[in-house]
Protein chains: 2
Amino acid sequence: MATSSTPQRAGPGRGRPPRLDAARTVDVALALLDEAGLDALTMRRLADAVGAQVGALYRYFATKQDLLTAMAERMLAGCGDPLPSHENWPGQVAEMAERMRNALLRYQDGARVFAGTHAVGVNTLSFSDTLVGVLRGAGFADEDAARATFAIVSFVIGHTLEEQAADAYPQDGPLLESALEPGAFPHLTAARHTLTSADFGTHFRFGLKLIITGLRHHEPGRQDLHNATRLSRREQR
Amino acid sequence: MATSSTPQRAGPGRGRPPRLDAARTVDVALALLDEAGLDALTMRRLADAVGAQVGALYRYFATKQDLLTAMAERMLAGCGDPLPSHENWPGQVAEMAERMRNALLRYQDGARVFAGTHAVGVNTLSFSDTLVGVLRGAGFADEDAARATFAIVSFVIGHTLEEQAADAYPQDGPLLESALEPGAFPHLTAARHTLTSADFGTHFRFGLKLIITGLRHHEPGRQDLHNATRLSRREQR
DNA sequence: ACCTGAACACCGTTCAAGT
DNA sequence: ACCTGAACACCGTTCAAGT
């Protein structure tokens, strides 16, 4: 992706070295993202930060979406690295999920950038490959390993998205508190302290543990037959 | 939210009836969203569709973000309705998750709209209240019920986001296939058919089943002590 | 080969003025 | 009270022209 949009480089020493290049542009874009957030990351501001005119960016990224994809891909650097082999598979699955969460949390709006793109670079692929590998190594069939990976990634993205949104709108907790007029929503009222708690690390590990426990007790096969009897409304129409 | 930004209405029969109102504007906005997608939903296009000038929209919604929040809130209409009582709690949890998924799937980019807002209207609150209620009714402590709700909602949002993104970029599957040069990423290669499958309903129910199975085998208490020893990198710094 | 300068077709938002 | 008309300060993207 980033590779295909990289222009031809002149041979070493031939011609002027370019003032811009894709890798540095992504670096600066990620720094800008972390400082100001996704809404403030405009091509013009990026051009300023990188010391060029707006149009120059389009030599390296055909579109802003391509830039965001390259940023997403960059974020996952290292997330597919080999795992410490002394851990059992549930620990390894947890480690992979936390790697991804930490990668997205490292930049403001990181989850939004990632969710809004479809990176298929080495970092992203190697992350998925490692996670699928852990599950296949644990004895899961290829299908189940793929589906479990999909579930874990979906959970991580959704959870991190919520967490970073809460970071950006800290007034949201009190807002929910005040929306709970006494009498209505008794269950929400009973659970409000935990729901509005900013301890997202604990929330995350709770949900992750549910998924891993589910995997532990998963019996292969019969999955499709078992579920064929309760299709969602969407598939029924 | 939508309530607070609704302007004072004249008494019945007094003055001209307004050509706009918040409810109809949200209706038209949702129709436009479903037809053209979130990127094409601009205030100007909405004004056209509603038969007014752009500025008129700002009498009912202080900002575009408020409009999107009202849309998100509207999407969840009915999702908090009482559940059929003949089902056991795992079935009821599954039903709530599928209700939310179906609600977000009903409009193009529905998940993106929902993920990008923080609706705290009756529909959203009543949905959460019902889900927390199912879990409390099943015997879960308030804290666990809240955290499980958070996990389920995160999973639904993340999963539906991916599903609708795949709807919008159907060329992405082949793209991943072609990125898998033989030799690299053996696990991804083994699992590629399931990973690129468009059967998101099956994917969704697989992940949902993992979470519900996890809940079934959840033992209350000891959660915090158990996890305190493995903080994520983020909490460590 | 790489970048500038300038333009094009849009945006969200504001606000005086009309009715 | 409700809406129009017009403006302001931006956007992403394109492309001839310079060096």
Side-chain angles (χ1 to χ4, degrees), chain A residues 2-26 28-29 32-33 36-71 109 112-113 116-117, chain B residues 2-26 28-29 32-33 36-71 109 112-113 116-117:
Chain A
T3 322
S4 67
S5 61
T6 300
Q8 317 295 349
R9 292 294 306 276
R14 307 221 301 108
R16 235 179 333 237
R19 311 211 277 100
L20 250 48
D21 70 291
R24 188 171 85 88
T25 305
V26 171
V28 176
L32 203 56
L33 175 73
L38 180 56
D39 293 337
L41 178 67
T42 70
M43 295 300 265
R44 286 165 208 269
R45 271 201 262 248
L46 176 56
D48 275 3
V50 96
Q53 303 297 312
V54 221
L57 296 173
Y58 288 83
R59 186 160 300 275
Y60 298 92
F61 303 96
T63 181
K64 188 182 182 181
Q65 190 64 26
D66 281 9
L67 200 230
L68 292 168
T69 302
M71 291 167 68
D109 288 332
R112 255 172 87 197
V113 170
T117 58
Chain B
T3 323
S4 68
S5 62
T6 299
Q8 318 295 348
R9 292 294 306 276
R14 307 221 301 108
R16 236 181 330 237
R19 313 211 276 100
L20 250 50
D21 70 292
R24 188 171 85 87
T25 305
V26 171
V28 176
L32 202 57
L33 175 72
L38 180 55
D39 293 337
L41 178 68
T42 70
M43 295 301 264
R44 286 166 207 269
R45 272 200 262 248
L46 176 56
D48 274 4
V50 97
Q53 303 297 312
V54 220
L57 295 174
Y58 288 83
R59 187 159 299 276
Y60 298 93
F61 303 96
T63 182
K64 187 182 183 182
Q65 190 64 26
D66 281 9
L67 198 233
L68 292 168
T69 302
M71 292 167 68
D109 288 332
R112 255 173 88 197
V113 170
T117 59

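Being a predicted model, the structure only gives us computed values, none of them experimental. A note on names: the letters A, B, ... follow the listed sequences, proteins ahead of strands, and every chain is numbered from 1.
The CD atom of B:Q65 sits 12 Å away from the C1' atom of C:dG12 (whole-angstrom rounding). B:R24 has its CZ atom 14 Å from the C1' atom of D:dC2, to the nearest Å. Taking atom CZ of A:R44 as the reference point, atom P of C:dT4 lies 14 Å away to the nearest angstrom. The distance from atom CD of A:Q53 to atom C1' of C:dA7 is 14 Å, rounded to the nearest whole Å. The OH-P distance, from A:Y58 to D:dG12, rounds to 6 Å in whole Å. Straight-line distance from the CG atom of B:D39 to the P atom of C:dC10: 15 Å, rounded to whole Å. Atoms CE (A:M43) and P (D:dC15) sit 15 Å apart, rounded to a whole Å. The CG atom of B:L57 sits 13 Å away from the C1' atom of C:dT14 (whole-angstrom rounding).
Here the CE-CG distance, from A:M71 to A:D66, works out to 13.0 Å after rounding to the nearest 0.5 Å. Going from atom CG of A:L57 over to atom OG1 of A:T63 covers 11.5 Å, rounded to the nearest 0.5 Å. Separation of atoms CG (B:L41) and CG (B:L33) is listed at 6.0 Å; rounding is to 0.5 Å.
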- prompt: For B:L46 and B:L67, what are the C-alpha separation, side-chain angles and deciding distance, and is it a side-chain contact (heavy atoms from CB on, under 4.5 Å)?
  reply: CA-CA 11 Å; B:L46 176 56; B:L67 198 233; 3.6 Å; yes
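Proximity of A:V54 to A:T42: side-chain heavy atoms (C-beta onward) are nowhere separated by under 4.5 Å.
Within 4.0 Å (heavy atoms only), B:A56 reaches at least one base atom of the nucleic acid.
Of all nucleotides listed (D:dC11, D:dT4, C:dG12), D:dT4 comes nearest to the side chain of B:A52. When distances run from any side-chain atom of A:Y60 to the nucleotides C:dC11, C:dC2, C:dT4, the shortest one goes to C:dC2.
Under the Watson-Crick or G-U wobble criterion, with both distances below 3.5 Å, C:dC10 has no partner in any strand shown. Pairing for C:dG5 goes to D:dC15, judged as Watson-Crick or G-U wobble with the two contacts each under 3.5 Å.
For the OP1/OP2 pair of D:dC10 and a distance below 4.0 Å, the side-chain nitrogens and oxygens of A:R45 include no atom meeting the criterion. The phosphate of D:dC10 (OP1 or OP2) has no side-chain N or O of A:T42 nearer than 4.0 angstrom.
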